[in-house]
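Below, each value reflects all heavy atoms present in this structure, side chains not excepted, and no hydrogens, waters or symmetry copies. Because the structure is predicted, anything quoted here is derived from the model rather than measured. Just so we're on the same page: letters track the sequence lines, and every chain starts at 1.
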Amino acid sequence: MSARPQYRRVAITGMGAMTSLGGTIPSLWGAILAGRSGVSYIKQFDSGLFPVSIGGEIDLEAMRDPELDGQFPGCGRAAHFGSWAAGRAWQDAQFASGALDESRAGVCIGASTFPVIEDRLDRLGDLLDEQGWNRRKYLELCRSRPHLLAQSDAAFISTVLSQRLQFQGPSTTVQAACASATQAIGHAFHLIRNGDADVMLAGGTDSMVSMMCVTGFTLLGSLSRRWSTPAKASRPFDRTRDGFVLAEGAAMLILEDLNQALNRGATIHAEIVGYGSSCDAYRFTDVHPDGLGASMCMNAALEDAGVEPHEIGYINAHGTSTPLNDRVETIAIRQVFGRHSERLAVSSTKSQLGHLLCAAGAVEALLSVLTLECGSIPATINLENADPDCDLDYVPLKPRQADVRLALSNSFGFGGQNGALVFRRWEKCLSECIPNRPPMVRRDSESDEGARLPAPNRDHRGAAGFNRALRPAAKVRTRARVVATGVGIVSSLGLNAPTHFERLCRGESGIRSISGRELEGLPLTCEGRVQGFERREHVPHRMLRKILTNAACYAVAAAGEAICDAGLAAERGILERCGICVGSLGLDQDFNVFADSLRVSLTREKVFDTRLFVEYGMSLIDPLFLVKSLPNSGLCGMAIQFGLRGANLNIMNGAVSGLQSIDAAAAEIRSGNLDCAIAGGYDSLLQLEVAINHLIAGNVRAGERPSSGRNGYALGEGAAFVFLESETHARARGARIYAEITGGGQTHAASHPMTREAGAGGLKAAAQKAMDAAGVETAGIIFGDGFGAPFQDGVEADVLNHLRMKQQGIRFTSAAGALGFCGVASGALSAAHALLGLREALIPPIVNCSDSLTDCAETYIRSQERLPFDRALVWSSDRGFDHVAVILERYEGGAK
Amino acid sequence: MQDPAIDHAAISRQVIEIVARALDRSPEDVHPSSKIWSNLGAESLDMLDIAFSLESAFGIRLPHTDLLGRASDYFGEENIVQGGALSEFALELIRRVMPEFEQKQLRAGLTPMDFRRAITVESLVQVVIRLLEFKSQLVCPACSARFSDSKTAPELECVACGLTQAYPSGEQALVAGLATAARQIGFPGPPPNTIATSADSRP
Ligand SMILES: [Zn+2]
């Protein structure tokens, strides 16, 4: 076990932003205190023709970074904004050269993915035929414009930021709709506090002010349309509010271990002291009418911070300016803060900036920190008409000087994911910020101005559980052991874990000839498709059946099986506080949704015409398309289906996300933040853009059967989820234990362009981190990727050769031959195979493995082996950049 | 003034089918008197889905604001909602614009929320009929002939000269209905809008 202290304090030592109100902290803060609005008429498309034409927009050309474009072709608006904010935050943190251990520095941001139609408009005449989107022509277009698909690569921006900063710690994209950035910052905070990183760049970036996104939100009826003056439209808590105003931008924070920050003499803007998350588990786009999820996450954040409600002086509200959100947030604040809500200042800076969606929580965290640092509370502008349902002190119209010591920032996302952060003023900076104030009276003993900190104050650590009754605040947390007690799988080999595993171990393959419409016309011959899945049978909830994609339905089904397998199907109390950690695919969108609409928007000369689109095209688009493409729909779906309301995290980080989610859930249980969690991943690569991406990369298997073994993979799909809990929790309820998760590690290989050597270095480091965390010398059986693609297989072979030096007879298996490459689900499937294998003393073989890349051919398991093993190392890599490794061991009760 | 070409029974059947499909129910479970929210368990996303299906099935455009929202913008919110409940004027507007609405529910104390939750399948049928009637009364600005639905695109086409034009927005029909009702009630108006729509005043 790592010798680092278990609970460390975390400082904010750098901040940067790019918003419609400015690209520097002084310009943004000055505009906020002046009560200015950043909302204007949208210029990036011909918005005047549209029913909604306003947004908080940034002049991209004025801030575009040509170096970034050169280094990473295909950067969209959000990548530019994010990179700008990250660069400013990094400068602000003022690291002397050599002062940072890059291997312990990571990136964790909220970012979005959405259908991008705009830069394909000039080719629509070609792309659309009678059947819809012509796949072969689209493939040709993408081949000739290889960067067209970069914007649908969900993990692209966090990779760009890690590469630019040369950070080698975890590089993560969090997707929780409008709560994304808050959850990203909260997750990064916990990583440092738990000792898994020393420095994190955390925040969010987003740009959904495009024509199709504005259309999508308009069709959903979410946007304000009553107010004709742009600056007046966003009016949180005002009686005449009628929807939110879209905005784009980014904000980034540098979070840092407080001791390290003090030792290097950093300027500390504030401390981040608490984070809580929850799920409404209610409806997809309606918040819970009693504010249940909202009050749960505020309570969890306060508890995590060890802070009493009456100590909070300011809340930066989610305050979207939609009729429902603002009413329900008010109810939730009253519930959490009781009589203190009369004295509490609450404001919504969305009144000035609009709603930055996946970046909203980051800008609002930054403004909360500035409030603490400078003693001024931003106003809620446009709050001119009192609403009887919104009766708190919203700091209307004008900012206010106030001595705030603790601030809380709320974010509530579409789908029902919520997050709240608590920040504490760094006492030392006060006198510098507000020179005319009387000197501060020190109120407690734990704030410290000196370079040496006392040991963390246990009273302030609290416990970040979800049920105060179960978790006395005075409890001292110790590291818990993490065990797995349930497994669920949906794959091309079966719709439940036992069938799947039995067939996998017999060496069967789920790869068949192409049968679905999505991939027709592409040069593909085989696929690993889930067979015989009935929505009605596996997803009882009516609304979920209607809006979830196939892949998200697999997630709900697999999670349900894991919960049943753990014997918890009827344990509503346990499920209610169960955490959820999900690796999700990025874009999950059928482009044919737009085919009819775009076809009628073409002139006779086959040229896209905006006026035709507004008059005829818009009304032919399914108004639910944005909801149906939400990347967090699998997580929210399982929350709604099974009544899960606990802490949650949706990771949208490419192929490693499934295994990363299992590692992240295990870390939260280990550190005492959670008793139990459902964790895993789901994906379907049987989608047009995804398939094209893999075809262009040259990794997809062309023939039905491989001729030599390494001519690429088939595209697959599926889901795998495991139920994890603390050993104490599992034993108290007499659960059957599959195995123990004893360690995990994640790295990012900061090499551009990627090389086999750098990729192998990253994977090796992740495996080493996992083994160190587990306190073991050898890896045991390795459950890896084995995709059959030369680069990835080469990386794995190099690491196997390295591990073989320490461990004679190391063995490796993978399921890609039987299932194809299942994207995000691949790593989660490998972990599930290791758990089932440990319990049943069975190792599934590699199907279709006819040659070997290590020096020792016997490393690869080619036929089913019935042999008891005690330890497995599961790993998952994404194109050489991101690597996650997890150690699973046979569970032995008693002291360890 | 019912247009003889508009077949109430056929429209009702089709609306019931659309509602049933959207809510994943059998059409036998859906009746004209079924309340969409409270009896059939619809959520706001279902209403978007239902509206989308009605628009494509009937070649109409539904208004994007509901009756009370539009009435508040038009006549001033203080004339529509008083003390949290619908004003007598608002109740009278509903009686005239939505004669199918269950009359005994239109009593003092009815809140906007109660009103929305009491919307029935028959209300949808009537909305569709009103929009079809509104559409059928349009005449070609070029030759004054009637329009019919185009066979090739979601738009209207003049039966005589072939001029095409977009479906009328549901907004137009709704505002026209509200203005007529207000005149009948004797409301001095329509008053100047306190709240403009976004399309009105863009420079
Ligand atoms: Zn004509």
Side-chain angles (χ1 to χ4, degrees), chain A residues 41 47-54 218-230 232-233 239-240 242-243 282-286 289 323-324 385 388-389 535-536 541-547 596-597 599-602 611-612 614-625 627-628, chain B residues 21-25 37 40-56 59-66 69-70 72-74 76-78 81 83-84 112-113 116 150 152-156 164-171 193-203:
Chain A
Y41 291 109
S47 68
L49 300 168
F50 284 73
V52 173
S53 56
I54 59 170
T218 303
L219 292 173
L220 277 177
S222 319
L223 302 179
S224 170
R225 323 175 46 148
R226 277 168 88 170
W227 289 87
S228 51
T229 314
K232 288 279 180 193
R239 201 180 66 240
T240 63
D242 71 324
Y282 178 66
R283 283 180 181 175
F284 246 83
T285 50
D286 299 343
L324 190 61
N385 308 288
D389 288 337
R535 282 181 178 233
R536 195 172 278 278
H541 194 281
R542 174 183 71 80
M543 183 56 84
L544 298 182
R545 279 205 301 276
K546 176 164 160 172
I547 59 179
D596 288 343
S597 158
R599 205 183 287 111
V600 304
S601 309
L602 297 178
R611 187 173 295 278
L612 290 174
V614 175
E615 258 176 39
Y616 303 116
M618 256 175 97
S619 53
L620 296 181
I621 302 177
D622 176 358
L624 304 188
F625 86 86
V627 174
K628 289 177 176 174
Chain B
R21 196 178 56 229
L23 301 178
D24 210 347
R25 288 170 174 270
W37 298 86
L40 301 178
E43 301 180 14
S44 51
L45 288 181
D46 294 313
M47 291 310 289
L48 292 173
D49 193 12
I50 290 170
F52 177 63
S53 305
L54 292 175
E55 290 191 345
S56 359
I60 51 173
R61 295 287 166 261
L62 293 164
H64 61 70
T65 359
D66 71 358
R70 177 51 72 202
S72 299
D73 289 353
Y74 210 60
E77 196 193 19
E78 66 285 0
V81 182
M113 183 66 96
R116 290 186 177 112
S150 156
T152 52
E155 59 187 343
L156 296 171
T164 60
Q165 144 174 348
Y167 295 135
S169 83
E171 229 65 33
N193 273 1
T194 42
I195 299 164
T197 61
S198 55
D200 294 339
S201 57
R202 169 128 191 214

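- With a threshold of 4.5 angstrom between heavy atoms, B:A22 approaches chain A through its backbone and through its side chain.
- Heavy atoms closer than 4.5 Å to chain B are found in the side chain of A:I547, but not in its backbone.
- Looking at A:I621, the atoms closer than 4.5 Å to chain B (heavy atoms on both sides) all sit in the backbone: N, CA, C or O.
- Per-residue counts of heavy-atom pairs under 4.5 Å with chain A were compared for B:T152, B:L45, B:D49; the largest is that of B:L45.
- Enclosure of atom CZ in A:R611 is not indicated, since only 12 or fewer non-hydrogen atoms of other residues, nucleotides or ligands lie within 6.0 angstrom.
- For chain A, the nearby part of B:E55 is the side chain; its heavy atoms alone come within less than 4.5 Å.
- Residue contact with chain B, scored on non-hydrogen atoms closer than 4.5 Å, involves the side chain of A:R536 exclusively.
- Between A:R225 and B:D73 there is no salt bridge, since none of the side-chain N atoms of the basic residue sits less than 4.0 Å from a carboxylate O of the acidic one.
- Of the atoms belonging to B:S44, heavy atoms from both backbone and side chain fall under 4.5 Å from chain A.
- Closest heavy-atom contact between B:L48 and A:P623: O-CG, 3.6 Å.
- For B:Q165, the part lying under 4.5 angstrom from a heavy atom of chain A is the backbone only.
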| task | Decide salt bridge (Lys or Arg N to Asp or Glu O under 4.0 Å) for A:R535 and B:D24; before the verdict, give the C-alpha distance in whole Å, the side-chain angles of both, and the deciding distance to 0.1 Å. | result | CA-CA 12 Å; A:R535 282 181 178 233; B:D24 210 347; over 6 Å; no
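- Both the backbone and the side chain of A:D622 come within contact range of chain B, each with at least one heavy atom under 4.5 Å from a heavy atom of that chain.
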| task | List the steps and the verdict of side chain to side chain contact (heavy atoms under 4.5 Å, CB included) for B:E77 and A:N385. | result | CA-CA 12 Å; B:E77 196 193 19; A:N385 308 288; over 6 Å; no
